[in-house]
Q: 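Would you mind keeping the following structure in view while I ask a few things?
Just so we're clear, the structure is a prediction, and the values are computed from it rather than from any experiment. Below, chain A is the first sequence line, B the second, and so on; all start at residue 1.
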Number of protein chains: 2
Amino acid sequence: MYTSSEENYLKAILKLSQKEDGPVSTGALAAEMQTTAPSVTDMLRRLSEKQLATYEKYYGVQLTAEGVRVATALVRRHRLWEVFLTQKLGFAWDAVHDMAEQLEHVQHPELVERLDAFLGYPRFDPHGDPIPDAKGQWPQRQRQLLSATAVGSPVVVVGVDDHSAAFLQYLDRTGIGLGAHLTILERIEYDHSLNVRLLEQNRDLTLSDKVAHSLFVEPARE
Amino acid sequence: MYTSSEENYLKAILKLSQKEDGPVSTGALAAEMQTTAPSVTDMLRRLSEKQLATYEKYYGVQLTAEGVRVATALVRRHRLWEVFLTQKLGFAWDAVHDMAEQLEHVQHPELVERLDAFLGYPRFDPHGDPIPDAKGQWPQRQRQLLSATAVGSPVVVVGVDDHSAAFLQYLDRTGIGLGAHLTILERIEYDHSLNVRLLEQNRDLTLSDKVAHSLFVEPARE
DNA sequence: ACCGTTTTTTAGGCAAGCCTAAAAAACAAA
DNA sequence: TTTGTTTTTTAGGCTTGCCTAAAAAACGGT
(Lines give C-alpha, C1' and ligand atoms only; values in the text may rest on other atoms or scores of the structure.)
Protein backbone atom coordinates (compact mmCIF):
# COMPACT_ATOMS: atom_id res chain seq x y z
CA MET A 1 0.00 0.00 0.00
CA TYR A 2 2.61 2.55 1.10
CA THR A 3 6.38 2.42 0.69
CA SER A 4 8.72 1.79 3.62
CA SER A 5 10.02 5.31 3.28
CA GLU A 6 6.56 6.85 3.43
CA GLU A 7 5.77 4.72 6.45
CA ASN A 8 8.95 5.82 8.21
CA TYR A 9 8.08 9.46 7.69
CA LEU A 10 4.57 8.90 9.03
CA LYS A 11 5.98 7.24 12.12
CA ALA A 12 8.43 10.09 12.66
CA ILE A 13 5.70 12.72 12.28
CA LEU A 14 3.52 10.86 14.78
CA LYS A 15 6.39 10.65 17.25
CA LEU A 16 7.24 14.34 16.99
CA SER A 17 3.64 15.50 17.20
CA GLN A 18 3.14 13.37 20.30
CA LYS A 19 6.03 15.20 21.95
CA GLU A 20 4.44 18.60 21.50
CA ASP A 21 1.36 19.68 19.65
CA GLY A 22 1.13 22.00 16.72
CA PRO A 23 2.62 21.26 13.30
CA VAL A 24 5.93 19.42 12.88
CA SER A 25 8.69 21.44 11.23
CA THR A 26 10.76 20.33 8.27
CA GLY A 27 13.94 20.72 10.25
CA ALA A 28 12.75 18.59 13.16
CA LEU A 29 11.72 15.86 10.75
CA ALA A 30 15.04 16.02 8.93
CA ALA A 31 16.85 15.55 12.24
CA GLU A 32 14.57 12.69 13.29
CA MET A 33 14.94 10.92 9.92
CA GLN A 34 18.66 11.63 9.65
CA THR A 35 18.26 13.21 6.26
CA THR A 36 18.27 16.68 4.70
CA ALA A 37 15.57 19.32 4.69
CA PRO A 38 15.03 19.19 0.90
CA SER A 39 14.40 15.44 1.06
CA VAL A 40 11.81 16.07 3.74
CA THR A 41 10.06 18.75 1.68
CA ASP A 42 9.93 16.28 -1.22
CA MET A 43 8.32 13.60 0.88
CA LEU A 44 5.86 15.94 2.59
CA ARG A 45 4.51 16.86 -0.82
CA ARG A 46 3.98 13.21 -1.63
CA LEU A 47 2.33 12.44 1.71
CA SER A 48 0.11 15.45 1.26
CA GLU A 49 -0.93 14.32 -2.23
CA LYS A 50 -1.80 10.91 -0.83
CA GLN A 51 -3.93 12.51 1.88
CA LEU A 52 -1.78 11.08 4.65
CA ALA A 53 -0.80 14.50 5.94
CA THR A 54 -1.64 18.16 5.53
CA TYR A 55 1.39 20.17 4.59
CA GLU A 56 1.65 23.93 4.25
CA LYS A 57 4.78 25.57 2.97
CA TYR A 58 6.85 27.33 5.62
CA TYR A 59 4.34 26.22 8.25
CA GLY A 60 4.74 22.52 8.87
CA VAL A 61 3.01 19.16 8.61
CA GLN A 62 0.26 17.34 10.49
CA LEU A 63 -1.06 13.83 9.99
CA THR A 64 -4.57 13.27 8.68
CA ALA A 65 -6.80 10.67 10.35
CA GLU A 66 -5.57 8.12 7.80
CA GLY A 67 -1.98 9.15 8.45
CA VAL A 68 -2.47 8.61 12.18
CA ARG A 69 -4.04 5.22 11.48
CA VAL A 70 -1.13 4.05 9.33
CA ALA A 71 1.52 5.41 11.72
CA THR A 72 -0.17 3.86 14.75
CA ALA A 73 -0.39 0.48 13.01
CA LEU A 74 3.34 0.74 12.33
CA VAL A 75 4.17 1.46 15.96
CA ARG A 76 1.99 -1.50 16.89
CA ARG A 77 3.84 -3.80 14.52
CA HIS A 78 7.24 -2.50 15.58
CA ARG A 79 6.61 -3.05 19.26
CA LEU A 80 4.99 -6.45 18.85
CA TRP A 81 8.00 -7.64 16.85
CA GLU A 82 10.26 -6.30 19.62
CA VAL A 83 8.35 -8.42 22.11
CA PHE A 84 8.71 -11.43 19.83
CA LEU A 85 12.43 -10.93 19.42
CA THR A 86 13.13 -10.61 23.14
CA GLN A 87 10.61 -13.06 24.55
CA LYS A 88 10.67 -15.79 21.92
CA LEU A 89 14.09 -15.49 20.33
CA GLY A 90 15.94 -14.34 23.42
CA PHE A 91 17.48 -11.14 22.04
CA ALA A 92 18.65 -8.45 24.46
CA TRP A 93 16.52 -5.31 24.67
CA ASP A 94 19.28 -3.20 23.18
CA ALA A 95 19.51 -5.38 20.07
CA VAL A 96 15.96 -5.52 18.78
CA HIS A 97 15.32 -2.05 17.41
CA ASP A 98 16.96 -2.43 14.00
CA MET A 99 15.30 -5.76 13.33
CA ALA A 100 11.89 -4.46 14.34
CA GLU A 101 12.50 -1.47 12.10
CA GLN A 102 12.55 -3.87 9.15
CA LEU A 103 9.91 -6.31 10.36
CA GLU A 104 7.37 -3.54 10.93
CA HIS A 105 7.11 -2.98 7.18
CA VAL A 106 5.98 -6.51 6.36
CA GLN A 107 2.51 -6.15 4.91
CA HIS A 108 -0.22 -8.64 5.64
CA PRO A 109 -3.69 -8.15 7.07
CA GLU A 110 -3.62 -11.09 9.47
CA LEU A 111 0.03 -11.29 10.43
CA VAL A 112 -0.01 -8.65 13.19
CA GLU A 113 -3.12 -10.02 14.81
CA ARG A 114 -1.79 -13.57 14.85
CA LEU A 115 1.52 -12.38 16.22
CA ASP A 116 -0.31 -10.41 18.91
CA ALA A 117 -2.26 -13.51 19.93
CA PHE A 118 0.88 -15.67 19.85
CA LEU A 119 2.57 -13.25 22.23
CA GLY A 120 -0.41 -13.15 24.61
CA TYR A 121 -1.60 -9.63 23.76
CA PRO A 122 1.23 -7.71 25.45
CA ARG A 123 0.39 -4.10 26.30
CA PHE A 124 3.97 -2.83 26.57
CA ASP A 125 7.14 -3.58 24.64
CA PRO A 126 10.52 -4.58 26.12
CA HIS A 127 11.34 -0.94 26.80
CA GLY A 128 8.02 -0.29 28.52
CA ASP A 129 6.56 1.61 25.57
CA PRO A 130 2.80 1.19 25.06
CA ILE A 131 1.54 -1.04 22.23
CA PRO A 132 -1.61 0.30 20.55
CA ASP A 133 -4.34 -2.32 20.13
CA ALA A 134 -5.87 -3.44 16.82
CA LYS A 135 -8.21 -0.44 16.91
CA GLY A 136 -5.36 1.99 17.47
CA GLN A 137 -6.11 2.61 21.16
CA TRP A 138 -3.10 3.19 23.41
CA PRO A 139 -2.91 1.59 26.87
CA GLN A 140 -2.66 4.27 29.53
CA ARG A 141 -0.30 4.15 32.47
CA GLN A 142 0.47 6.83 35.02
CA ARG A 143 4.18 7.08 34.65
CA GLN A 144 6.66 9.79 35.48
CA LEU A 145 10.37 10.38 35.24
CA LEU A 146 12.46 9.21 38.15
CA SER A 147 13.87 12.74 38.22
CA ALA A 148 10.40 14.04 39.08
CA THR A 149 9.85 11.55 41.89
CA ALA A 150 9.78 12.52 45.55
CA VAL A 151 12.36 11.28 48.03
CA GLY A 152 11.03 8.36 50.02
CA SER A 153 8.17 7.10 47.84
CA PRO A 154 8.79 3.58 46.53
CA VAL A 155 8.48 3.20 42.75
CA VAL A 156 8.74 0.54 40.05
CA VAL A 157 10.71 1.06 36.85
CA VAL A 158 8.26 0.78 33.93
CA GLY A 159 10.11 2.25 31.01
CA VAL A 160 13.08 4.06 29.52
CA ASP A 161 13.09 7.38 27.71
CA ASP A 162 16.51 6.77 26.19
CA HIS A 163 16.60 3.71 23.93
CA SER A 164 20.30 3.83 23.13
CA ALA A 165 22.27 0.62 23.47
CA ALA A 166 24.73 2.46 25.71
CA PHE A 167 22.05 3.37 28.23
CA LEU A 168 20.33 -0.02 28.14
CA GLN A 169 23.63 -1.80 28.69
CA TYR A 170 24.40 0.53 31.57
CA LEU A 171 21.10 -0.48 33.15
CA ASP A 172 21.90 -4.16 32.60
CA ARG A 173 25.24 -3.79 34.32
CA THR A 174 23.67 -1.84 37.16
CA GLY A 175 20.91 -4.40 37.60
CA ILE A 176 18.03 -2.05 36.86
CA GLY A 177 15.47 -3.59 34.53
CA LEU A 178 11.76 -3.14 34.00
CA GLY A 179 10.02 -4.09 37.23
CA ALA A 180 12.92 -3.06 39.45
CA HIS A 181 11.84 -1.46 42.74
CA LEU A 182 13.55 1.78 43.67
CA THR A 183 13.24 4.25 46.50
CA ILE A 184 15.01 7.60 46.42
CA LEU A 185 17.01 7.96 49.60
CA GLU A 186 18.46 11.38 48.92
CA ARG A 187 18.60 14.00 46.19
CA ILE A 188 21.93 15.81 45.96
CA GLU A 189 21.23 19.47 45.31
CA TYR A 190 24.58 20.21 43.70
CA ASP A 191 24.20 18.02 40.58
CA HIS A 192 20.71 16.57 41.06
CA SER A 193 22.10 13.07 41.33
CA LEU A 194 20.16 10.55 43.40
CA ASN A 195 21.04 8.02 46.02
CA VAL A 196 18.54 5.22 45.61
CA ARG A 197 17.86 1.83 47.12
CA LEU A 198 17.44 -1.02 44.63
CA LEU A 199 15.18 -3.48 46.42
CA GLU A 200 15.89 -6.54 44.27
CA GLN A 201 19.58 -6.44 45.10
CA ASN A 202 19.15 -4.94 48.54
CA ARG A 203 21.82 -2.37 47.83
CA ASP A 204 22.15 1.38 47.40
CA LEU A 205 23.56 3.20 44.41
CA THR A 206 23.94 6.65 42.93
CA LEU A 207 22.19 7.63 39.71
CA SER A 208 23.14 10.72 37.75
CA ASP A 209 20.61 13.37 36.81
CA LYS A 210 20.89 12.17 33.23
CA VAL A 211 19.95 8.63 34.20
CA ALA A 212 17.10 9.89 36.38
CA HIS A 213 15.74 11.78 33.36
CA SER A 214 15.80 8.60 31.26
CA LEU A 215 13.89 6.27 33.59
CA PHE A 216 10.11 6.08 33.79
CA VAL A 217 8.62 4.86 37.04
CA GLU A 218 5.23 4.47 38.60
CA PRO A 219 4.25 4.22 42.27
CA ALA A 220 5.00 0.78 43.70
CA ARG A 221 1.91 -1.09 44.85
CA GLU A 222 2.07 -3.73 47.55
CA MET B 1 24.12 -5.35 1.89
CA TYR B 2 22.08 -6.10 -1.24
CA THR B 3 18.70 -4.69 -2.26
CA SER B 4 15.52 -6.77 -2.13
CA SER B 5 15.35 -6.65 -5.89
CA GLU B 6 18.87 -7.95 -6.31
CA GLU B 7 18.14 -10.70 -3.82
CA ASN B 8 15.00 -11.71 -5.66
CA TYR B 9 16.89 -12.04 -8.92
CA LEU B 10 19.57 -14.15 -7.24
CA LYS B 11 16.91 -16.44 -5.84
CA ALA B 12 15.25 -16.76 -9.23
CA ILE B 13 18.55 -17.54 -10.95
CA LEU B 14 19.32 -20.19 -8.34
CA LYS B 15 15.88 -21.74 -8.80
CA LEU B 16 16.15 -21.86 -12.58
CA SER B 17 19.69 -23.19 -12.60
CA GLN B 18 18.68 -25.94 -10.19
CA LYS B 19 15.99 -27.05 -12.64
CA GLU B 20 18.46 -27.59 -15.45
CA ASP B 21 22.13 -26.82 -15.72
CA GLY B 22 23.83 -24.45 -18.08
CA PRO B 23 23.27 -20.71 -18.09
CA VAL B 24 19.87 -19.14 -17.35
CA SER B 25 18.36 -17.15 -20.21
CA THR B 26 17.09 -13.60 -20.01
CA GLY B 27 13.65 -14.71 -21.16
CA ALA B 28 13.33 -17.46 -18.56
CA LEU B 29 14.29 -14.99 -15.84
CA ALA B 30 11.83 -12.40 -17.12
CA ALA B 31 9.05 -14.99 -16.95
CA GLU B 32 10.09 -16.12 -13.46
CA MET B 33 10.30 -12.56 -12.16
CA GLN B 34 7.16 -11.43 -13.94
CA THR B 35 8.96 -8.56 -15.61
CA THR B 36 10.31 -7.63 -19.05
CA ALA B 37 13.49 -8.75 -20.77
CA PRO B 38 15.11 -5.28 -20.78
CA SER B 39 14.63 -5.01 -17.01
CA VAL B 40 16.37 -8.35 -16.64
CA THR B 41 19.29 -7.28 -18.83
CA ASP B 42 19.64 -4.16 -16.68
CA MET B 43 19.79 -6.16 -13.48
CA LEU B 44 22.13 -8.80 -14.84
CA ARG B 45 24.64 -6.08 -15.61
CA ARG B 46 24.39 -4.86 -12.01
CA LEU B 47 24.72 -8.35 -10.54
CA SER B 48 27.68 -8.99 -12.78
CA GLU B 49 29.38 -5.78 -11.68
CA LYS B 50 28.89 -6.77 -8.05
CA GLN B 51 30.46 -10.18 -8.73
CA LEU B 52 27.28 -12.01 -7.79
CA ALA B 53 26.85 -13.52 -11.23
CA THR B 54 28.71 -13.95 -14.50
CA TYR B 55 26.74 -12.58 -17.39
CA GLU B 56 27.57 -12.79 -21.07
CA LYS B 57 25.50 -11.00 -23.66
CA TYR B 58 23.29 -13.27 -25.75
CA TYR B 59 24.49 -16.25 -23.74
CA GLY B 60 22.98 -16.15 -20.27
CA VAL B 61 23.77 -15.81 -16.60
CA GLN B 62 25.26 -18.03 -13.90
CA LEU B 63 25.73 -17.34 -10.20
CA THR B 64 29.19 -16.92 -8.74
CA ALA B 65 30.06 -18.68 -5.47
CA GLU B 66 29.05 -15.52 -3.62
CA GLY B 67 25.80 -15.36 -5.60
CA VAL B 68 25.02 -18.94 -4.64
CA ARG B 69 25.79 -18.15 -1.02
CA VAL B 70 23.46 -15.16 -0.92
CA ALA B 71 20.66 -16.95 -2.80
CA THR B 72 20.93 -20.01 -0.59
CA ALA B 73 20.76 -17.89 2.55
CA LEU B 74 17.61 -16.31 1.16
CA VAL B 75 15.97 -19.65 0.51
CA ARG B 76 16.92 -20.64 4.05
CA ARG B 77 15.33 -17.54 5.51
CA HIS B 78 12.23 -17.87 3.35
CA ARG B 79 11.58 -21.45 4.36
CA LEU B 80 12.31 -20.93 8.04
CA TRP B 81 9.83 -18.08 8.12
CA GLU B 82 7.28 -20.32 6.41
CA VAL B 83 7.75 -22.88 9.18
CA PHE B 84 7.30 -20.12 11.76
CA LEU B 85 4.13 -18.84 10.15
CA THR B 86 2.49 -22.25 9.93
CA GLN B 87 3.74 -23.86 13.12
CA LYS B 88 3.77 -20.91 15.50
CA LEU B 89 1.17 -18.54 14.08
CA GLY B 90 -1.17 -21.19 12.69
CA PHE B 91 -1.33 -19.99 9.09
CA ALA B 92 -2.43 -22.41 6.36
CA TRP B 93 0.28 -23.66 4.01
CA ASP B 94 -1.28 -21.86 1.07
CA ALA B 95 -1.12 -18.47 2.84
CA VAL B 96 2.49 -18.17 3.91
CA HIS B 97 4.38 -17.57 0.68
CA ASP B 98 3.78 -13.84 0.30
CA MET B 99 4.64 -13.10 3.91
CA ALA B 100 7.82 -15.17 3.76
CA GLU B 101 8.69 -13.35 0.55
CA GLN B 102 8.89 -10.15 2.59
CA LEU B 103 10.34 -11.61 5.79
CA GLU B 104 13.23 -13.24 3.94
CA HIS B 105 14.70 -9.82 3.19
CA VAL B 106 15.07 -8.79 6.82
CA GLN B 107 18.78 -8.37 7.38
CA HIS B 108 20.43 -9.39 10.62
CA PRO B 109 23.32 -11.74 11.28
CA GLU B 110 21.78 -13.51 14.26
CA LEU B 111 18.09 -13.47 13.44
CA VAL B 112 18.02 -16.52 11.16
CA GLU B 113 20.04 -18.64 13.51
CA ARG B 114 17.88 -17.78 16.52
CA LEU B 115 14.74 -18.41 14.50
CA ASP B 116 16.14 -21.76 13.37
CA ALA B 117 16.83 -22.75 16.99
CA PHE B 118 13.40 -21.52 18.12
CA LEU B 119 11.77 -23.72 15.49
CA GLY B 120 13.84 -26.76 16.47
CA TYR B 121 16.10 -26.85 13.39
CA PRO B 122 13.50 -28.02 10.87
CA ARG B 123 14.94 -29.63 7.73
CA PHE B 124 11.90 -29.15 5.50
CA ASP B 125 9.37 -26.37 5.12
CA PRO B 126 5.56 -26.73 5.21
CA HIS B 127 5.54 -27.75 1.55
CA GLY B 128 8.26 -30.35 2.05
CA ASP B 129 10.96 -28.23 0.44
CA PRO B 130 14.46 -28.64 1.89
CA ILE B 131 15.89 -25.93 4.16
CA PRO B 132 19.62 -25.36 3.68
CA ASP B 133 21.58 -25.22 6.94
CA ALA B 134 23.68 -22.32 8.21
CA LYS B 135 26.57 -23.50 6.04
CA GLY B 136 24.42 -23.67 2.92
CA GLN B 137 24.17 -27.48 2.85
CA TRP B 138 20.88 -28.92 1.61
CA PRO B 139 19.30 -31.90 3.34
CA GLN B 140 18.97 -34.80 0.93
CA ARG B 141 15.90 -36.95 0.60
CA GLN B 142 15.14 -39.63 -1.98
CA ARG B 143 11.89 -38.37 -3.33
CA GLN B 144 10.07 -38.94 -6.58
CA LEU B 145 6.87 -37.83 -8.25
CA LEU B 146 3.79 -39.88 -7.49
CA SER B 147 3.37 -40.15 -11.26
CA ALA B 148 6.66 -42.08 -11.42
CA THR B 149 5.68 -44.50 -8.65
CA ALA B 150 4.93 -48.17 -9.25
CA VAL B 151 1.51 -49.66 -8.62
CA GLY B 152 1.39 -51.44 -5.27
CA SER B 153 4.32 -49.88 -3.43
CA PRO B 154 3.24 -47.91 -0.36
CA VAL B 155 4.54 -44.34 -0.23
CA VAL B 156 4.41 -41.26 2.00
CA VAL B 157 3.68 -37.78 0.67
CA VAL B 158 6.72 -35.61 1.41
CA GLY B 159 6.28 -32.57 -0.80
CA VAL B 160 4.44 -30.68 -3.51
CA ASP B 161 5.82 -29.49 -6.81
CA ASP B 162 2.95 -27.06 -7.36
CA HIS B 163 2.75 -24.39 -4.64
CA SER B 164 -0.39 -22.67 -5.93
CA ALA B 165 -3.12 -21.97 -3.40
CA ALA B 166 -5.57 -23.76 -5.72
CA PHE B 167 -3.61 -27.02 -5.59
CA LEU B 168 -2.87 -26.83 -1.86
CA GLN B 169 -6.52 -26.18 -1.09
CA TYR B 170 -7.49 -29.12 -3.30
CA LEU B 171 -5.17 -31.30 -1.24
CA ASP B 172 -6.71 -29.98 1.99
CA ARG B 173 -10.20 -30.81 0.78
CA THR B 174 -9.08 -34.24 -0.37
CA GLY B 175 -7.34 -34.94 2.91
CA ILE B 176 -3.85 -35.38 1.46
CA GLY B 177 -1.22 -33.58 3.49
CA LEU B 178 2.48 -34.12 4.12
CA GLY B 179 2.87 -37.48 5.80
CA ALA B 180 -0.19 -39.01 4.16
CA HIS B 181 0.27 -42.68 3.23
CA LEU B 182 -0.75 -43.65 -0.28
CA THR B 183 -0.67 -46.84 -2.31
CA ILE B 184 -1.42 -46.83 -6.03
CA LEU B 185 -4.09 -49.42 -6.70
CA GLU B 186 -4.36 -48.93 -10.43
CA ARG B 187 -2.99 -46.73 -13.19
CA ILE B 188 -5.51 -45.92 -15.91
CA GLU B 189 -3.73 -46.10 -19.24
CA TYR B 190 -6.14 -43.80 -21.06
CA ASP B 191 -5.43 -40.57 -19.12
CA HIS B 192 -2.73 -41.72 -16.68
CA SER B 193 -5.02 -41.04 -13.73
CA LEU B 194 -4.48 -43.10 -10.59
CA ASN B 195 -6.74 -44.96 -8.24
CA VAL B 196 -5.03 -44.75 -4.86
CA ARG B 197 -5.71 -45.84 -1.31
CA LEU B 198 -5.35 -43.10 1.31
CA LEU B 199 -4.43 -44.98 4.47
CA GLU B 200 -5.23 -42.25 6.99
CA GLN B 201 -8.84 -42.10 5.89
CA ASN B 202 -9.10 -45.74 4.88
CA ARG B 203 -10.66 -44.79 1.58
CA ASP B 204 -9.89 -44.90 -2.13
CA LEU B 205 -9.81 -41.99 -4.50
CA THR B 206 -8.83 -41.04 -8.02
CA LEU B 207 -6.03 -38.59 -8.72
CA SER B 208 -5.52 -36.99 -12.12
CA ASP B 209 -2.23 -37.18 -13.97
CA LYS B 210 -1.74 -33.50 -13.22
CA VAL B 211 -2.09 -34.09 -9.48
CA ALA B 212 0.22 -37.11 -9.66
CA HIS B 213 2.84 -34.89 -11.29
CA SER B 214 2.59 -32.37 -8.46
CA LEU B 215 3.06 -34.70 -5.51
CA PHE B 216 6.43 -35.84 -4.19
CA VAL B 217 6.53 -39.12 -2.33
CA GLU B 218 9.10 -41.44 -0.84
CA PRO B 219 8.85 -45.14 0.01
CA ALA B 220 6.86 -45.76 3.19
CA ARG B 221 8.86 -47.34 5.99
CA GLU B 222 7.27 -49.45 8.71
C1' DA C 1 23.91 -20.12 -46.95
C1' DC C 2 19.96 -17.52 -46.77
C1' DC C 3 15.66 -15.65 -44.77
C1' DG C 4 12.12 -15.17 -41.56
C1' DT C 5 11.25 -15.63 -36.63
C1' DT C 6 12.45 -15.37 -32.00
C1' DT C 7 15.29 -13.62 -28.44
C1' DT C 8 18.07 -10.20 -26.55
C1' DT C 9 20.03 -5.82 -26.18
C1' DT C 10 20.09 -0.79 -26.78
C1' DA C 11 18.05 3.67 -26.44
C1' DG C 12 15.41 6.68 -24.09
C1' DG C 13 12.07 7.78 -20.51
C1' DC C 14 9.77 7.77 -15.88
C1' DA C 15 8.94 7.78 -10.60
C1' DA C 16 10.85 7.35 -6.01
C1' DG C 17 14.01 8.92 -2.93
C1' DC C 18 17.90 10.87 -1.97
C1' DC C 19 21.64 14.73 -2.49
C1' DT C 20 24.08 19.82 -2.90
C1' DA C 21 23.88 24.63 -3.98
C1' DA C 22 21.20 28.62 -4.48
C1' DA C 23 17.10 31.38 -3.74
C1' DA C 24 13.32 32.78 -0.95
C1' DA C 25 10.74 33.25 3.06
C1' DA C 26 10.38 33.75 7.98
C1' DC C 27 12.28 35.22 12.22
C1' DA C 28 14.77 38.14 15.47
C1' DA C 29 16.78 42.06 17.10
C1' DA C 30 18.35 46.56 17.14
C1' DT D 1 11.58 48.89 9.81
C1' DT D 2 15.55 47.41 8.26
C1' DT D 3 19.10 44.06 8.44
C1' DG D 4 21.32 39.87 9.49
C1' DT D 5 20.46 35.03 10.59
C1' DT D 6 18.05 30.88 10.38
C1' DT D 7 14.85 27.93 8.16
C1' DT D 8 12.69 26.26 4.24
C1' DT D 9 11.97 25.71 -0.49
C1' DT D 10 13.44 25.48 -5.32
C1' DA D 11 16.46 23.92 -8.90
C1' DG D 12 18.96 20.54 -10.78
C1' DG D 13 21.24 16.10 -10.55
C1' DC D 14 22.11 11.22 -9.18
C1' DT D 15 20.93 5.95 -8.70
C1' DT D 16 17.75 2.15 -8.71
C1' DG D 17 14.48 -0.33 -10.94
C1' DC D 18 11.16 -0.42 -13.93
C1' DC D 19 8.93 0.48 -18.75
C1' DT D 20 8.16 0.71 -24.35
C1' DA D 21 9.94 0.90 -28.96
C1' DA D 22 13.53 -0.03 -31.99
C1' DA D 23 17.80 -2.25 -33.33
C1' DA D 24 20.77 -6.19 -33.32
C1' DA D 25 22.02 -10.79 -32.69
C1' DA D 26 20.96 -15.66 -32.63
C1' DC D 27 18.26 -19.45 -34.16
C1' DG D 28 15.85 -22.68 -37.40
C1' DG D 29 14.34 -24.48 -41.56
C1' DT D 30 14.98 -25.16 -46.29
Q: Taking atom C1' of D:dT9 as reference, at what distance in whole Å does atom CD of A:Glu56 sit?
A: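 Value for this atom pair: 15 Å.
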
Q: Could you tell me how far apart A:Leu29 (CG) and C:dC18 (P) are, to the nearest whole angstrom?
A: 12 Å

Q: Expressed as a whole number of angstroms, how long is the span from A:Asn8:CG to C:dC18:P?
A: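 Checked: the CG to P distance equals 9 Å.
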
Q: Check the pair A:Leu215, A:Val160 against side-chain contact (heavy atoms from CB on, under 4.5 Å), reporting the backbone distance first and the verdict last.
A: CA-CA 5 Å; A:Leu215 280 177; A:Val160 293; 4.1 Å; yes

Q: With respect to the side chain of A:Thr36, which nucleotide from C:dT9, C:dC19, D:dT8 is positioned closest?
A: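 It is C:dC19.
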
Q: Side chains of residues 33-40 of chain B: which donor-acceptor partners sit under 3.5 Å, not counting sequence neighbours?
A:
unit_1: B:Thr36; atom_1: OG1; unit_2: B:Ser39; atom_2: OG; d: 3.0

Q: Rounded to whole Å, please give me the gap between CG in B:Leu44 and P in D:dC18.
A: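 Distance, rounded to whole Å: 12 Å.
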
Q: Salt bridge check, B:Arg76 against B:Asp133: does any charged N sit closer than 4.0 Å to a carboxylate O?
A: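 Salt bridge between B:Asp133 and B:Arg76, a charged N being under 4.0 Å from a carboxylate O: no.
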
Q: Given atom CD of A:Gln34 and atom C1' of C:dC18, what is their separation to the nearest angstrom?
A: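 Value for this atom pair: 14 Å.
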
Q: Side-chain N or O of A:Thr41 less than 4.0 angstrom from OP1 or OP2 on D:dT9?
A: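 Yes, A:Thr41 has a side-chain N/O under 4.0 Å of OP1/OP2 on D:dT9.
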
Q: Applying side-chain contact (heavy atoms from CB on, under 4.5 Å) between B:Asn8 and each of B:His105, B:Glu32, B:Met43, report the one that passes.
A: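 Only one of B:His105, B:Glu32, B:Met43 forms a side-chain contact (heavy atoms from CB on, under 4.5 Å) with B:Asn8, namely B:His105.
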
Q: Can you pull every protein N or O that's under 3.5 Å from an N or O on nucleotides 24-28 of chain D?
A:
unit_1: D:dA25; atom_1: O4'; unit_2: B:Tyr58; atom_2: OH; d: 3.4

Q: Looking for any heavy atom pair under 4.0 Å, which part of the strands does B:Ser39 touch: base, sugar-phosphate only, or nothing?
A: base

Q: Pull out every protein N or O sitting under 3.5 Å from an N or O of nucleotides 13-17 of chain D, one pair per line with the distance.
A:
unit_1: D:dG17; atom_1: OP1; unit_2: B:Thr3; atom_2: OG1; d: 2.5
unit_1: D:dG17; atom_1: OP2; unit_2: B:Arg46; atom_2: NE; d: 3.1

Q: Hey, is B:Glu66 close enough to B:Arg69 for a salt bridge, meaning N to O under 4.0 Å?
A: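 Salt bridge flag = yes for B:Arg69 with B:Glu66.
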
Q: Taking OH from A:Tyr59 and P from D:dT8, how many angstroms apart are they, rounded to a whole number?
A: 13 Å

Q: Report the nucleotide, chosen from D:dT9, C:dT20, C:dC18, that has the shortest atom-to-atom distance to any side-chain atom of A:Thr35.
A: C:dC18

Q: Taking the six-membered ring for Trp, is the centroid-to-centroid distance between B:His97 and B:His78 below 6.0 Å?
A: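 Yes - the distance between ring centres of B:His97 and B:His78 falls below the 6.0 Å cut-off.
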
Q: The test is salt bridge (Lys or Arg N to Asp or Glu O under 4.0 Å); show your working for B:Arg77 and B:Glu7 and say whether it passes.
A: CA-CA 12 Å; B:Arg77 294 204 290 263; B:Glu7 289 188 336; 3.6 Å; yes

Q: Please check if the number of heavy atoms outside A:Asp191 that lie under 6.0 Å from its CG is greater than 12.
A: yes

Q: When the aromatic ring centroids of B:Phe84 and A:Phe84 are compared, is their separation below 6.0 Å?
A: yes

